[in-house]
Every structure is written in structure tokens, then in C-alpha cells.
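Below is one structure; the comments refer to it alone.
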Protein chains: 4
Amino acid sequence: MQSKSRTIGRDGPSFIEVARRAQIVECAIETIAAIGYAQASLNQIAERAGISKSVISYHFAGKDELIQQVLTDVSQAGAALIWPRVQAETTSAGMLRAYIQSHLDFMRDHPKQVAAVSEILLYHRAQTTAEHDTTPLEERLRQGQRDGEFRTFSPRLMAWTIRAALDEVARQYVADPSLDLDEAARELARNFALATTAHTPGLTHPDSGCQVSRGG
Amino acid sequence: MQSKSRTIGRDGPSFIEVARRAQIVECAIETIAAIGYAQASLNQIAERAGISKSVISYHFAGKDELIQQVLTDVSQAGAALIWPRVQAETTSAGMLRAYIQSHLDFMRDHPKQVAAVSEILLYHRAQTTAEHDTTPLEERLRQGQRDGEFRTFSPRLMAWTIRAALDEVARQYVADPSLDLDEAARELARNFALATTAHTPGLTHPDSGCQVSRGG
Amino acid sequence: MQSKSRTIGRDGPSFIEVARRAQIVECAIETIAAIGYAQASLNQIAERAGISKSVISYHFAGKDELIQQVLTDVSQAGAALIWPRVQAETTSAGMLRAYIQSHLDFMRDHPKQVAAVSEILLYHRAQTTAEHDTTPLEERLRQGQRDGEFRTFSPRLMAWTIRAALDEVARQYVADPSLDLDEAARELARNFALATTAHTPGLTHPDSGCQVSRGG
Amino acid sequence: MQSKSRTIGRDGPSFIEVARRAQIVECAIETIAAIGYAQASLNQIAERAGISKSVISYHFAGKDELIQQVLTDVSQAGAALIWPRVQAETTSAGMLRAYIQSHLDFMRDHPKQVAAVSEILLYHRAQTTAEHDTTPLEERLRQGQRDGEFRTFSPRLMAWTIRAALDEVARQYVADPSLDLDEAARELARNFALATTAHTPGLTHPDSGCQVSRGG
DNA sequence: GATGAATGAGACTTCATTCAT
DNA sequence: CATGAATGAAGTCTCATTCAT
């Protein structure tokens, strides 16, 4: 049954179908995380899965659909973890800390997923047109500035930096799982808290939870 | 006569040999920057260079050596621009600013080189063993801490973040050359100045005087 | 239970078996007529039939048997329409006209069947050994000559020409159903009537009075 | 050097290049003629040529270009033989006879070419849009009618019939080279002479002065 | 009876590399 | 020094067929 021509009947895809697709997606993630996107041929993925190469073609319309599924699955799982925690924060500083913290939490639980997605996005970046759309993160930063909680900076550049830092940590973590993610989270949170907040000399930051106070 | 088995006579590689290699490296850079590493086959490179595909094989042991040469050449050119300016600074803060500024200057003058190297590194990251050696930048940051100029933070993580931010800007600049590099330099310099500097001298952060450590 | 290894019990194939086979044959015909033999994979056929691909394999020993069945079914249906009308004629000229006319009639009523068979024969011609057996049509033409109703010509070549013309009209009709088959029938009938009949007894054709003889 | 990216310099393709392409085209023709278009994979063609499969990809942009080259080569050779002889005739009847005769002459000299082209055209017919353009042959027939030399008939249908007959003879000749082409030429010429000529001047056929028309 | 699932063969294509000239 | 030519490995995808349920 080809995924493309699948007739979604009363029951949709069978349980086995779902399980197989999930398994293949998982193997694809492992393979990409392990040997890199460039080397992750269908052959390699199938080999790791212990299945024939054609099985992938049977459950997915093609390599593209498989990769797309990887992105979708991981993105959804990540968003489900991250955004609720971000939304729960009341201050922009808290939001930023939650954003970083929850990213690294997700990374700890799903290191390969993060690495694989990172690989895929990098490899596709060259081919996909640069997206100049505002990202959710950038929008949050902008909001923090409007609220006067953040100092004046380029939200876009700051967003790029935060994302790049998170991705880099992801890659490093995959390369060396002994990396202390908790410590990395604290460090990143503090670094970007300092970078985004208008610090006011004389006001201390005992717990690094920056206070709002516009200076200059 | 393959480059690898070249017999180094009295004079080493001939002038023509050197010039040819340089030309090929340049063409490789342009091709990779233009169409991405994944699409940059030897065929494509040779075509853009207006030379035969075999010329590359003649002057280089293989594609790997060519790519390695690209990395070497660009890295050397970059280092030649960056480190003198960094060394000229007397304070760690000045050093960091010079590091960022000179990187973006190099980027403006050699966008293709930067783009090509960026592409190559991305595609090879998975295969290259993670280097746990201390990078020069990390060492500088550490020095700034020893001098008491920088606050306490993880030098390694900070170095990662800085490098990641610079790479990200490089990619964005390649994708959209209208990006204002001067502004980006100012922004990044300020962001990392804030992140690295203990703005409230005398007040330490006992709860986070940590380093990103391995193990556990 | 494979069709080939089917155990013919008391009653032979069951009613369901027969019906299923007929349905599959029909779907195969429609698919081949619609998208061409080259594109008509079992997948395509099963999809159009709304059945599983395996059903075909279950009821037929393989694709070959299915295709063979298509040929058989259509040929039988065609023969059932054509030969009675041909037999009903008393003269050879009438027979020829009836042959052509009934072919085009069958074509009008069963355009897909004709198209499918046409496609199949084309694709299998190279593989099937050329049949040097005398065809029924050729035999009829020969009879017309014996009766003195037809002039002297090569019956085999004439039969080839007639069949080729009918096939060509079939293909054209499938490609463009607005083709006027009645008109085509009249035209073909007249053309071959003129070609086969010694129209002016006593008038010789000194410039090309060729005899029919096989072999060089 | 890929055919597509070939830079046509001063001298154009090298002698060897031309020879290799010609050889491959020839092998493609032989293969198609021998085992049919459907079975004529690049593997098969390369095998018969005694070369590697990649050699074909080296000299041709892809299978499509190879097949196109086969069509072009054979069509040009055929046209070069046929049309001068047709043009040399002064009467329409002579033209038609020359058309048939020269086709079979070409067939005798290049049986495989004719068979291959026949196969290719048949296999592509289903995919290519039916051409409703007037063919040169049809135009000639029309001219013969205007001159009053030919009787009234549908030029399009007659052209179809003639072409179909020639193609059929080609296939039969390939299947059985002992076929007497001279006799076939005489037979076909006579058949179509009879079919096209108003053999009884003064006797018109008012009931069938029709053309194969569309619509309805 | 029926079918979802799996599979191996083979198709076309791209690519880095090698070789003879 | 240079290159046209050739090649084999590997990639993605399609397909007819087989098997366990």
C-alpha cells in the first residue's frame, strides 16, 4: 500500500502501518544523527533498521517524505514540550529562560532527534530560500522590548544567536553525551539574560533573574 | 604524477603547479558558495573553471584533498586578518570585540570563501571527530577570566556560542548579501560584551560559578 | 490457491472465482486503455479496480496470465461479433466489406478493449514469434481469388495491410474518439474493394502485371 | 565531457566522440530491433556494445537523448533516400509508387533501423499527443486529388493505411528476413494504385465522395 | 478467499576515480 | 602537463512476486 495512494477509509492507517512508519522514522533519525545526513542513504537507514531497502519505499512515497516526516515528528514533539513552558512564564526574561531550558530538556530526552533535525535543516538550508519571516522567538524578543523589559537590540540577530547556540549545543551533545546539559542550560540562560537585559549598575542580580528597569 | 606521490626536487612544486592548484581551489570555493556543497561535484567545479575534470584529479590526490585545501587556504587567510587585530588589543573586552569585528570584516571581503567553508564544515561535521581541544578563542576567554576582566562563565560554552553566532551570520549574509554587516558586528559585539562582562564588579555569582564540565 | 494449481473439482472454478477474474480483466483493460501498457503496472490496475494488488496475484498466476486473458477475452468477443457477419455474406467482396465494417462496429462499442489489445500486441510483438500461419482473413482472400472474384494479388500482404489499417484506425480512434467510424468504414471498404477486385476484365495492366510468388 | 554541457569550440565534437555516439546509437538500434523497446534497457544496450553502462551516460545526457538520436539518425537517412525519389516523379501515381518503393528499399538496406524506429514510435505513441497535423504524404495525396489524377477519397485515412502497411511490412521483414521486399513493393504499389486511382474515368462515386471528418 | 506487508531484481542516473594518449 | 574517455559503485525508485495472517 503506497502512502501516496492510500485511501483513508473508516479506520485510517492500520496499527502496523503506523508502527512501521514510526520505526522507520526512528531509524532514519538514528542514522542521520550517527553518520550525518549526507551519508544517510536509504540503504544505510534500512540496514540499521534490519529491513530491506524497499520497505522504506513501501511505507513512504520517497526519501523526501521520510525526511519530511522526521522533521514533522520531531518538531511537533519539541513544540509540545517547549511552548507550554514558555507560555507559562509571565515575564520576557522568564520566557527566554524557559525557552532555553526547555530546549535543552528536550535535547536531553531526545538527543538524536535534535541532532537529526539539525542536520537536515542545515543540509536543506542551502537549497531552501532564506526565510525572512519573523520567527516566534524573534517575536517574543520584540515583545520584551515593547514591554521595556529588554534593552534595545536587534531581535532578529539575537534570535539567530540563540538558535545557533542551541543547535551548537545539540551537536556537541550528540558528539559527546557526557556534556552536562543542566549546566549548559544555566550558562546559556544567564548569558542571554545578560545580553538582553538593560543592566542597571547598583542593582544586583542575586539569582540572575534580571529585574526590569530601563536605564539610559 | 599525482600530487601525493610528487617528488619534491630541488625547488619543490613548480610555479605552474602552485598557480593551478590555487586556481582550482578558487573555483571550488565559488562553486560551493554558489550551488552548495552537496551539488558541488567535481564535474560542476571543473565546468565552472572551464577546465577538464581530470585536471583536478591530476593536481589533487582526490576530492578530499581539494576540500581540505579549501579549508586550509581560507582558514589561513582568515587567521592572517583576524589574529593580528586581536593581538593588538590590550584588554580582553577589546579582544573579543576585535575578534567579532574582524570576522565580519573578513566575511564582507570574502563572502564566498566564508560561505564555502561554512558549507563544508556543516557537511563534514558529522564525520569529523569532535575536537575537545581548547580553541584559541576559548583560551582567550579563559585569560580574560584570569585577569578578572570577564565574569565567571563557561569559556567553552561561550566560545561555542560566539562561533555559532558568527557562522549563522555568515550563512545569512550569503543568503542575503544586503545584510548590514556593520550593524551585525556592533550588535554581536555588544551582546557578547554584556554576556561576558561582570557589570557589577565586586558582586560574584556564587550559585553559578561553574564551568561546563564533563562526566556525571 | 493459485489459479494454475487449481484443483478442478466437481464443478470447476467457483462462481466467485469467475466473476473476480472477469472483474480484474475488465480493470486491466480500462487501465491499459487509459494510461498505456507501459504504465499499467499491477499497482495501477489494482488501484483503479479498488482492490488489493495481491488479489490479482491470487486469481492469476502472474501478470502474464492476466494479459493473456485480456487478449483471449477480447479476441473471443470480437470474433463472436465479426465472424457471423462475415459468414453471412455470400460474395468475397461482401465478406471483405463485412469484415471491415464489423471490426469498426466492434471498435465503436468496445473502444477500450480494442485499445488495450492494440497496446498489448504492440508491446509483445517483439517477443512473440512471428506467426507464419495463415490467418482466417488471408484464407478468405485466397478463397476469393480461387472463385475468380478477386484479382491476383498476394493474399498475405493484403491481409497484413487490412489488419494494419484497422489497427491504425483503432489507435487513432482511441486517441481521438471524435473520429467518424462510419465514414472510416466506408472509406476502408471502398479502398480495399478497389484494391482487391479485378474491376475491368479485359483491361490489362501492362506496366505492372506482376505475379505473386513467395521467396527470392 | 557530458553531451549537455559540451562546449562547441572551434572543432565541435571530436572524431572519437562522434564515432562513439554513432556506435552506441547503432547498438541501441540493434538491441531494440532484437528484443523490443520495452526490454531494451541501457544495460542490455551496453552489453551488446561490449561497453559499460556508464559509457552511454557519458556520451548521452540520458536514455531520452539516445532514443531521440536514434529517431533523428534513421529519419534523416530515410528522408534522404525517399524524398528525392518521390520528388523526381512527375505524376501523383508515380510519386506514390516511388514513395512505397523507396521505403521498402530503405527497409532492405536498413531493416534494423526501420524496426527500431517502428518500435520506438509505437511505444511513444501512447504518451505523445496525437498529431493531427497533415503529414507530407497526406499532402501529396491531396495534391493528386486536386490534379484530378486521384479519385475522391479521404487523404488522411489513405495516408494512415499506407503508413500502417509499410510499418507492418517492416516488422514482418525484421521477423523474417526472407520476405521478398521487391515483390512486396510491387504488390503494395499496385494495391494502392488501384485504391487511389479513378480507374473508370467518367464514372464517379457520388455516394462516397467523403472525407474522414471529425465531429459528431 | 483475501490482503497488508515485505522483498529482490533491475531500471536510470550521478559521481569520483583511473587510464591511455 | 593535460584531458577525453571509460568505469564501477552507489543512490533513488518501480515493479512483479511471495508470504503470513
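Everything numeric in this text was worked out from a predicted model, so none of it was measured. Residue numbering restarts at 1 for every chain, and letters A, B, ... go by the order of the sequence lines.
When each of C:Gly62 and A:Ser41 is assigned the nucleotide of DNA chain F bearing its nearest heavy atom, the one mapping closer to the 5' terminus is A:Ser41. For the pair C:Val55 and D:Lys63, nearest-nucleotide mapping onto DNA chain E gives the more 5' position to C:Val55. Two residues, A:Gly50 and C:Ile16, neighbour DNA chain E, and the one matched to the more 5' nucleotide by heavy-atom proximity is C:Ile16.
Put simply, B:Asn43 has no side-chain N or O that comes within less than 4.0 Å of OP1 or OP2 on E:dC15. For E:dG4, one of the phosphate oxygens OP1 or OP2 lies less than 4.0 angstrom from a side-chain nitrogen or oxygen of C:Ser52. Side-chain nitrogen and oxygen atoms of A:Arg20 include none within less than 4.0 Å of the OP1 or OP2 phosphate oxygen of E:dG4. The shortest distance between the side-chain N/O atoms of D:Tyr58 and the OP1/OP2 oxygens of F:dA6 is not below 4.0 Å. Phosphate proximity of E:dG4 to A:His59: absent, as no side-chain N or O sits under 4.0 Å from OP1 or OP2.
Between the CD1 atom of C:Ile56 and the P atom of E:dG1 there is a distance of 18 Å, given to the nearest Å. One interatomic measurement links the two molecules: CD1 of A:Ile51 to C1' of E:dA6, which rounds to 9 Å at whole-angstrom precision. Atom CD in B:Gln39 sits roughly 17 Å away from atom P in E:dT13 (whole-Å rounding). Atom-to-atom, CD of A:Gln23 to P of E:dA5 comes out at 13 Å; the value is rounded to the nearest Å. Atom CZ in D:Phe60 sits roughly 14 Å away from atom P in E:dC12 (whole-Å rounding). Rounded to whole Å, the distance from CD1 on C:Ile45 to P on F:dT17 is 11 Å. For the pair A:Ile24 CD1 and E:dT7 P, the interatomic distance rounds to 10 Å; values are reported in whole Å. Here F:dT12 presents its P atom at 15 Å from CD of A:Glu65, a figure rounded to the nearest Å.
Checked against D:His59 for a side chain to side chain donor-acceptor pair (under 3.5 Å), the options D:Gln69, D:Glu17, D:Gln23, D:Glu65 give a single hit: D:Glu17. For the side-chain contact (heavy atoms from CB on, under 4.5 Å) with B:Glu119, the lone residue among B:Ile32, B:Val174, B:Ile35 that qualifies is B:Ile32.
Ion pairing between a basic and an acidic side chain is recognised when a charged N comes within 4.0 Å of a carboxylate O; A:Arg21 and A:Glu26 show no such pairing.
Across all strands, C:Ser54 comes closer than 4.0 Å to base atoms (heavy-atom distances).
Judged by Watson-Crick or G-U wobble contacts below 3.5 Å, the nucleotide F:dG11 has E:dC12 as its partner. With both pairing distances under 3.5 Å, F:dC19 is matched to E:dG4 as a Watson-Crick or G-U wobble pair.
Taking only side-chain atoms of B:Ser57, from C-beta outward, the nucleotide of E:dA11, E:dT17, F:dC15 with the closest atom is E:dT17.
Although no hydrogens or angles enter the test, the distance criterion places a donor-acceptor pair under 3.5 Å between the side chain of C:Thr72 and the main chain of C:Gln68. Distance alone, capped at 3.5 Å, is enough to place a donor-acceptor pair between the D:Ser41 side chain and the D:Gln44 backbone.
Atom NZ of B:Lys63 is surrounded by more than 12 heavy atoms from other residues, nucleotides or ligands within 6.0 Å.
For B:Lys53 against E:dT17, a side-chain N or O and a base N or O form a donor-acceptor pair under 3.5 Å.
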